[in-house]
Amino acid sequence: MRTAAPNTLVARGLIILLMIVTLLPFLSMLSAALAPQGTYPNGLQWPADPQWGNFVKAFEVAKMDQLLLSSALIVLGVVPVAVLIATMAGYGLAKLTTNKYKWLYLVFVFGLTLPFEAVITPLYYEVRALGLLNTRFAIILPLIGLYMPFGVYWMRAHFLNVPHDLTEAAQLDGATRWKEFVLVQVPLARPAIMSLTILLFLWTWNQFLLPVVLVQDPMQRTMAGALGAFQGQWGTDIPLLCAGSLLILTPTVVLFLIFQRQFVAALMQGAVKG
Amino acid sequence: MTDTISSGPGAPKPALRPSQRRGSRKATMTASLFIAPAAIAYAAFVLVPLGMSFYYSLLRWDGIGEARFHGLTNYITVLTDSDLLQIIGNAFQLVLYFTIIPVGLGLAVASAIRGQMAGRFGTVTRTVLFLPQVIPLVAAGIAWSWMFASTGLVNQTLKAIGLSSWARGWLGDFVWALPAVGIIGAWVLLGLCTMLLVTGITKIDTSLYEAARLDGARPWHEFRYITLPGLRQEIGVCITVTVIAALASFDIVYISTQGGPGITTTVPGLEIYRLAFAHRQVGLASALAIVLMVLVLISIAPVQWFTRDKK
Amino acid sequence: MRAYSRHALRIALTLSTTAAIAGTALAAPSCGTDPVVLNSYFETGFPLPSKLAEEFTKQFPNVTFDIKEDQFANMMENSPRILSEDNAPDLIRLPSLTDLVANNLLLNLDSYFTEFGWDKFPAGQLVQLRVEEGGRPRGTGSLFAMGLNYSMTGVFYNKELATQLGMAEPPKTLAELDALLAKAKGAGIQPIMQWNKGTAGLAFPLQNLMGAYGAPEPINDWIFQKDGATINSPENLEAAEHLDSWIKAGYFPSDANAIEYFQMMSRFIGGEGLFMFNGDWESGNLDTNTAGKFGFFIMPSEEDGGRHATMSAPLTFGIAAKAAHPDCAAFFLDWVATNEEARKINVAVGGSNPGGPTDLPMPAVTPGSVTEASLAAGQTLAEDNGAMDFIANATGAIFAAGWTPELQKMVGGQQTPAGLLEAVQEEYETQLSR
């Protein structure tokens, strides 16, 4: 089927150029991270005496271990719950409701393009009224809600493509429905659930606006929020800032490299469906 | 965002005979149990706050003291104040960079390679180009602040190739700060768009190209009449994602320029945050928030309509 | 709660000591003996508060500090929110007072003023920290903050470059300063190193020029939000025009809008720039790291022998109205000004006047150091009664929404001197009308 592409060389050259442009900022940060602390190094220049110790220092001052724990707790608080209730609702909307309830689906979909900034101010007062300000729940609870448009949309789309006869098993009562959902539908939906999990994990880990507004203590924030605080505190020291930034983005990059195929698939489908 | 699926084969049959009504009520009960948790979470942390945002937007309130009803004054301010209009304009200028660069370069790569990137080269390409999608935008902002710094790589390169007069403090320059922020966004979105378009182009029937070549079509015509229409959906996706990223941007600007110099890089997201939490004008902040939401919807709607699947 | 615990302490103390000892000294609030963690919010890049905290813990082991740091621009934006929340800091570096007082976010320190005997401090030092009920005007009314020290801005100079240009002694008039700047420019030396990103560092030279052209009182009235005060005066316009002529002459770095404060410091220390307008809080830093290389002088007046006036402000620290340990925080603030070791640290690390009771001796400084020069400049300023608060402290948002964008525009050639003052005045009035 495939004909030899006409401009393979040009294309490869272009792609390699894009890859270099993509990687340069990381390299530039690495070279700066190895410069002596408190100096203003040059953009990209391998230091004569690489200060690998900067990473140790950054690990300590950023309290990376605590940051990892905090981000992990937030992810654990958000992702399983969000995926579960989005899957349930996606199933409910796809298989258990008639067209009469399409409005409900449309209400969910309406939230797909909503910028978080549109609700951040009231969220602040709401979370404060709940007494959750400066706790991880200030990030966890709103995020679950904010992920519903995408999560429900995503899972509903999956369940709509499941052949009908599986559910045609008749007008089942609630308990049986539930059983069917858990034992038949969820296992079948594994790829969709997997992708959703990856996306929500990334979005949570990298969430910035919510922690900046709702949580002051960097130790209770997500990685991205903590990085913002790190920049606030150490932004005056370029080598340390670069070392800390690289450390903070390492965990997701490592996970990404391991699960490269799944991540890429999830991100591309996520964009298409979103 | 397409609703073609809802009328697809999976959609439940609406027919309900009277004898089924009892059962259907039961079914409705079951359905609502399945949907309720998501609906509650969504209502509590999206719909209610959105309603509150609208309510606040009608108030004059410092967030602490007593609020006064202010009518539509805040909206009038948003739509007439020259600073706020410039800030909204900045977001639309960012669209140019966030959208055109990734889509343009993505199209160039896709039509040049016109085939699935297989093998090791494909894997490496995918991995590298997706890296910016995986890291926090904050990290992208920090990395590029450093690239654009006075002693950063951009100036270093310019000096190395004899363009010293071009070296400048990019993020503090009235002309160049906004484009520089735009470049950061383009960098983040480039890989995603490229990969979407590269994947999309493999779905175009190659016989179309062969036929075109037999007819003596030039490469530009192939691109114009086969590639572009064939990629309509993918292009639509890229534009949607990048336009939202530009209009609702916050992280990158917050980290790299704090909105300066002057207000040349201030975007609505940053201004909402500042108005609400630093300047204590919760009403005005909320009005801007509602306007931003509407602007996103208005900008996305034609893209969705235009690139809808017409096959 | 707070009042109750203090009373309890007072009763306990009174009971456990002989009545012969003066009651007031004993009744003064303290940190007690139970473990206390002071929730503190400091400014990034300035080690003084943390150093003082360290020493304090050494002297009072039951007290430790939970320190969060952030950059000044962020602190300006965050402080109202942080102070309004439940775990509000016990000690916080404050950018501006009025709005915070208006919203009842800061603890009124009047009772501590009496209990600690702060009436022995020079009253002039505390003026800027007083605010009337409701947030304005400032300069009178109750005390809402204390200074960790009392700093002033002036001109730092690079001694080597100065010698190279034949500058035997600091300029005595504005014209002499201009001549030196022109000379530096002609010799290919960066005349002034100044930051203008994030916050507007050109506010320092601007205010110094204002002080050279006019009296400080009207400017203070404006900063203190007295009725009818304006920044848009003929003298200030002259100052702004003078600043603009410096910009146009290329005396500031062409990328000033991309230079952040700490970049400026690093470049100035690296030998880039004859002058730098900055505060004496850097004197200690320069003495420690680059002894003998830099000097400091007070901004010259327009005419020789004229009155000196410049920005001089406390390193403002307040206590949140909702603070958990207000007594201990107040005790810390008193200790900083009165404890001998603390005063030594204050001068050595900070380089500014430590304030405190007038009868306490000033810690010794190295002859020929920047600190010596800046403390002497402070003396001159006091004699001329020329202290002004910082023009960026007039309202909570005037720096972020007024001076910074407008001065950045001026550097970018997008704003005129008259336009600058008009725009800032307009922003000021909008903010006061809220």
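Computation of the quantities below employed the complete heavy-atom set of this structure, encompassing side-chain atoms and omitting hydrogens, waters and symmetry-equivalent molecules. The model shown is predicted, which means the values in this text are computed figures rather than measured ones.
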Legend entry - Which atoms of L407(C) approach chain B - backbone, side chain, both or neither, heavy atom under 4.5 Å: neither
Legend entry - Contact origin within S256(B) toward chain C - heavy atom pairs under 4.5 Å: backbone
Inset, instruction - Supply the atom-to-atom distance R267(C) CZ to T151(B) OG1, rounded to the nearest 0.5 angstrom. - result: 8.0 Å
Legend entry - Which atoms of Y254(B) approach chain C - backbone, side chain, both or neither, heavy atom under 4.5 Å: side chain
Inset, instruction - Just give me the residue among A256(C), A258(C), P253(C) that pairs up with chain B most often, heavy atom to heavy atom, under 4.5 Å. - result: A258(C)
Inset, instruction - Output the option from R60(B), Q258(B), Q281(B), R168(B) having the highest count of non-hydrogen pairs under 4.5 Å with chain C. - result: Q281(B)
Legend entry - Atom pair CG/CG of D255(C) and N155(B) - distance to nearest 0.5 Å: 8.0 Å
Legend entry - Note, N103(C) side chain near R280(B) side chain (heavy atom, < 4.5 Å): yes
Inset, instruction - Could you tell me which of G198(C), G412(C), P80(C), A397(C) has the largest number of non-hydrogen atom pairs under 4.5 Å with chain B? - result: P80(C)
Legend entry - Interatomic spacing from CZ in F277(B) to OG in S84(C) - rounded to 0.5 Å: 9.5 Å
Inset, instruction - Measure across S150(B) and Q263(C) and return the closest heavy-atom pair with its distance rounded to 0.1 Å. - result: OG-NE2, 4.2 Å
Legend entry - Inter-residue atom distance E260(C).CD - L171(B).CG, 0.5 Å rounding: 9.0 Å
Legend entry - Which atoms of Q415(C) approach chain B - backbone, side chain, both or neither, heavy atom under 4.5 Å: neither
Legend entry - Heavy-atom proximity to chain B below 4.5 Å, by part of D99(C): neither
Legend entry - pair K197(C)-P261(B): side-chain heavy atoms closer than 4.5 Å: no
Inset, instruction - Would you mind checking which part of S254(C) comes under 4.5 Å of any heavy atom in chain B, side chain (CB onward), backbone (N, CA, C, O), both or neither? - result: neither
Legend entry - Atom pair CG/OG1 of D81(B) and T430(C) - distance to nearest 0.5 Å: 9.0 Å
Inset, instruction - Quick one: closest heavy-atom pair of A401(C) and H279(B), and the distance? - result: CB-CE1, 3.8 Å
Legend entry - Within 6.0 Å of CZ in F54(B), more than 12 heavy atoms from elsewhere: no
Inset, instruction - Check K409(C) against F174(B) and note the closest heavy-atom contact, atom names and distance. - result: CA-CZ, 3.0 Å
Inset, instruction - Heavy-atom distances under 4.5 Å only: say whether E406(C) touches chain B with side chain, backbone, both or neither. - result: neither
Legend entry - Other residues, nucleotides, ligands: >12 heavy atoms within 6.0 Å of Q86(B) CD: yes
